[in-house]
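To start, the structure itself, in structure tokens.
Protein chains get the first letters and strands the later ones, always in sequence-line order, with residue 1 at the start of each. Computed over heavy atoms, backbone and side chain alike; hydrogens, waters and symmetry mates excluded.
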Protein chains: 4
Amino acid sequence: MRTNQGFAGDDRGTFGGRMRRAQIERAAAEVLSEVGYAAASVSRIADRAGVSKGVITYHFATKDEIFRRLAVQLLDGCAAHITDRVPDEMPPALRLRARIHAELEYFASRRIEFLAMAEVMANHRDEDFGRAFEGIAESDIDTVAGILREGQEAGEFRPLDAHEAAHLIDAAKNGVLDRWAADESLDLEPMSASLLDFVARAVRADGA
Amino acid sequence: MRTNQGFAGDDRGTFGGRMRRAQIERAAAEVLSEVGYAAASVSRIADRAGVSKGVITYHFATKDEIFRRLAVQLLDGCAAHITDRVPDEMPPALRLRARIHAELEYFASRRIEFLAMAEVMANHRDEDFGRAFEGIAESDIDTVAGILREGQEAGEFRPLDAHEAAHLIDAAKNGVLDRWAADESLDLEPMSASLLDFVARAVRADGA
Amino acid sequence: MRTNQGFAGDDRGTFGGRMRRAQIERAAAEVLSEVGYAAASVSRIADRAGVSKGVITYHFATKDEIFRRLAVQLLDGCAAHITDRVPDEMPPALRLRARIHAELEYFASRRIEFLAMAEVMANHRDEDFGRAFEGIAESDIDTVAGILREGQEAGEFRPLDAHEAAHLIDAAKNGVLDRWAADESLDLEPMSASLLDFVARAVRADGA
Amino acid sequence: MRTNQGFAGDDRGTFGGRMRRAQIERAAAEVLSEVGYAAASVSRIADRAGVSKGVITYHFATKDEIFRRLAVQLLDGCAAHITDRVPDEMPPALRLRARIHAELEYFASRRIEFLAMAEVMANHRDEDFGRAFEGIAESDIDTVAGILREGQEAGEFRPLDAHEAAHLIDAAKNGVLDRWAADESLDLEPMSASLLDFVARAVRADGA
DNA sequence: GATGAATGAGCCTTCATTCAT
DNA sequence: GATGAATGAAGGCTCATTCAT
């Protein structure tokens, strides 16, 4: 007898299986974005996906796994998108700008998924109640800090604590995404422009 | 129909009653900060407070009311703190700086409460799943936008979309608080300095 | 230290005590008539009486005691009212009519109390879930059966099973009271007339 | 929002599902008849049915729904039984008699269900505490009133207020059923005969 | 692969009752 | 006499998960 434990986090499996998992993940994202983490029950997800509750347990070991995958996939996709679009050779100021722009661009077509991911990252905890996504953005921030340091050496950026500034840039960017995602009537384009302008001014060298 | 139990939203009541309510709110804040919104059950709060579950229902009509009060009290306290410390006569650049500093200062001695409030604001929903604290910071942000416009007229600040910039400043500030609150080992002072510097640079006029 | 057990079912006590008990009983009757047995909680009764919950426990050993007293008092009052108004010397047909009329008349000015009593009698159970007011009307019905037998001997009433007929008369009378009590807009007078007519016809001897 | 659990009001579903629901309804009826409305908890019903509490929530949306179905099914079944057995062409006096007889006959083999239904009808309230089964018998009574009027025109019945008389007949009939159901040792047959006789006498024309 | 059924722990809340003051 | 406070059991219900078919 084949146990369903084997499927957990498994990207192998039949084509149909992958399809089903994708369908369930999509439903989960919609439910999360609409009713929030606390009310996102397996029942509601099954309803939304138009399948029985059993199907979900068959394809995912636990509910948490669905949520985790949702967040991880989006995070990974975003990272790949950025890497694709931001060559290492770009000068620092442009590279910083390109990274931020690429991230906003990535989520611009994934509002629901972003909201779902935000719910998961804010609420997902391990069994000891520790935040499961604590520090997930750290490497990203380190990359930005690196760019800032590079730019300082090149004289493009002013003296500042690169690590702190990277966090501030990240927070401002997340603020833009959060606000945009929460209000469907908002247009990301001008918000994005204001953000890029704001950040550029905050870090540029005096003579620049 | 009002029963003679439950002081829901009642600021009157005996000294003992106010004490108990404060004790329960404190326990609720601790639990929220430690295990998160989803796991913050009445049982856990009662355990933490060292009282029976019934006591909580006796003093608060619903669990949500405790959470709401927690958030509202802190928000109100913070607003009062800022108003006290930031006279309207201050010139815009100083006023902006003073506001941010006052807010960070207020939460610096209320880490647990800040975490609890953040959990509540991120998760509290009304019965139709709408975010209950949606737009709660809007008036605050409008105030900052007003300061920015004033500063622009005075030539202290550069041309920018005041409303967008106010949101970016808010997001950066919240990012600092979130990061600090999540990691007990962090020192708010230097983070605060970086933030103030970052914001000042982002908005100052070219000639300044 | 004086325990409150002593008061249970106690008609002695101070004047103030009797007043309080009456006030509580009145409130209990109102609550019962408005929300029904299941929702008639001590809290709601205390609210209605404008006293604290503690007062109720002070004057009555248990909630059930209040309810029991409510029913018993009304039942006793009704019995006394009937006895007062229906002399044993009346001829059977008149006596039957007078009894029914007296009972309707008694409750006519006690709608709330009647509803409360009906709730209690329908729902009150002892600790083994046996109906506490089972057979409470039996002696009344026996009295009516006696009148029927007397009337048969006197040739006023037709041959019939006196005990069964007494039950049927009782049921018809209760039906009138129930319907009237449930609908404030109803006028008891014509209903009463129809009932008396109905019963008289049902039992009268052929030649009468 | 409909979850995929709960068949609330659903007559479709698998054979097994219908069986379970019937089993649960049977257990609920037994519990209601034995301990009364107030003590008829989901736990007790589950115990009686020999299933876990969760099963009940799985098959019925709420406890009230079980009770409502219990009452409605019995009421509907009774109405159908009467319609089947009482042709419209019968002369009024016979038709009246046949209706009453059919109803008693229907419940004669359903003592437990009758008791359960009586508990529900006496106690079920909507959220504003209004009686949920208020006036449920009204159409039935109107039918009887119609028969009485027909019989008056045909000279079979005496002049009387048909609507009032119909209510009295209904009350007498319910009295018989209540008494019989409450006492297992009673034989419905002679009670039924007395009732039919009583009613016939009460309404017949003088010359009949 | 998929499903409906079942479970049992846990949730929030209501409640009758006890008790110190 | 009276009160507010506290208790703990019980209530109905939701839910993630398991499992036989």
Side-chain angles (χ1 to χ4, degrees), chain A residues 1-5 7 13-14 16-17 20 38-46 51-64 66, chain B residues 3-7 13-17 19-20 38-46 51-64, chain C residues 1-4 7 13-14 16-17 20 38-46 51-64 66, chain D residues 3-7 13-17 19-20 38-46 51-64 66:
Chain A
M1 183 181 299
R2 205 169 177 316
T3 148
N4 60 356
Q5 296 307 98
F7 277 112
T14 67
R20 261 279 186 272
S41 66
V42 173
S43 278
R44 259 195 269 257
I45 294 168
V51 301
S52 79
K53 244 188 336 173
V55 178
I56 293 184
T57 313
Y58 182 75
H59 287 290
F60 295 91
T62 67
K63 186 178 79 157
D64 281 359
I66 309 175
Chain B
T3 82
N4 62 355
Q5 285 192 172
F7 281 91
T14 65
F15 173 73
M19 289 286 284
R20 256 283 181 277
S41 67
V42 172
S43 283
R44 251 192 275 259
I45 295 169
V51 299
S52 77
K53 246 189 337 174
V55 177
I56 292 185
T57 308
Y58 180 74
H59 288 288
F60 296 91
T62 66
K63 187 180 77 157
D64 279 0
Chain C
M1 182 181 298
R2 204 169 179 316
T3 148
N4 59 357
F7 278 111
T14 67
R20 261 279 185 274
S41 66
V42 173
S43 277
R44 259 194 270 257
I45 294 168
V51 301
S52 78
K53 246 190 333 175
V55 178
I56 293 184
T57 313
Y58 183 76
H59 287 290
F60 296 91
T62 67
K63 186 178 80 158
D64 281 359
I66 308 175
Chain D
T3 81
N4 63 354
Q5 284 191 174
F7 281 90
T14 64
F15 173 73
M19 289 286 284
R20 257 281 183 278
S41 66
V42 172
S43 284
R44 251 193 274 260
I45 294 169
V51 300
S52 78
K53 247 188 335 173
V55 177
I56 292 185
T57 308
Y58 181 75
H59 287 288
F60 296 92
T62 66
K63 186 180 78 157
D64 280 359
I66 308 175

Q) Where is the tightest heavy-atom contact between D:Ile66 and D:Ile56, given as atom of each residue plus distance? A) CD1-CG2, 3.6 Å
Whole-Å gap separating [atom2] ([N]) and [atom1] ([X]):
X: D:Ile56; N: F:dT14; atom1: CD1; atom2: P; result: 14 Å
X: D:Tyr58; N: E:dG8; atom1: OH; atom2: P; result: 16 Å
X: A:His59; N: F:dT17; atom1: NE2; atom2: P; result: 16 Å
X: C:Phe60; N: E:dT17; atom1: CZ; atom2: P; result: 13 Å

Q: Among the candidates E:dT13, E:dT7, E:dT3, find the nucleotide nearest to the side-chain atoms of B:Thr62.
A: E:dT13
Q | Angle of first-five versus last-five pair axes in the helix from E:dA2-F:dT21 to E:dT21-F:dA2, to 10 degrees | A | 10°
**Q.** C:Ala38 or D:Ser52, whichever maps to the more 5' nucleotide of DNA chain E
**A.** D:Ser52
With the criterion being N/O to N/O and under 3.5 Å, what pairs connect the protein with nucleotides 9-11 of chain E, and how long is each?
from	atom 1	to	atom 2	distance (Å)
E:dC11	OP1	B:Ser41	OG	3.3

Q | Presence of B:Arg20 side-chain N/O under 4.0 Å of F:dA6 phosphate oxygens OP1/OP2 | A | yes
Q.
Just verifying a value: how many Å separate A:Lys53 NZ and A:Thr57 OG1, rounded to the nearest 0.5 Å?
A. 8.0 Å
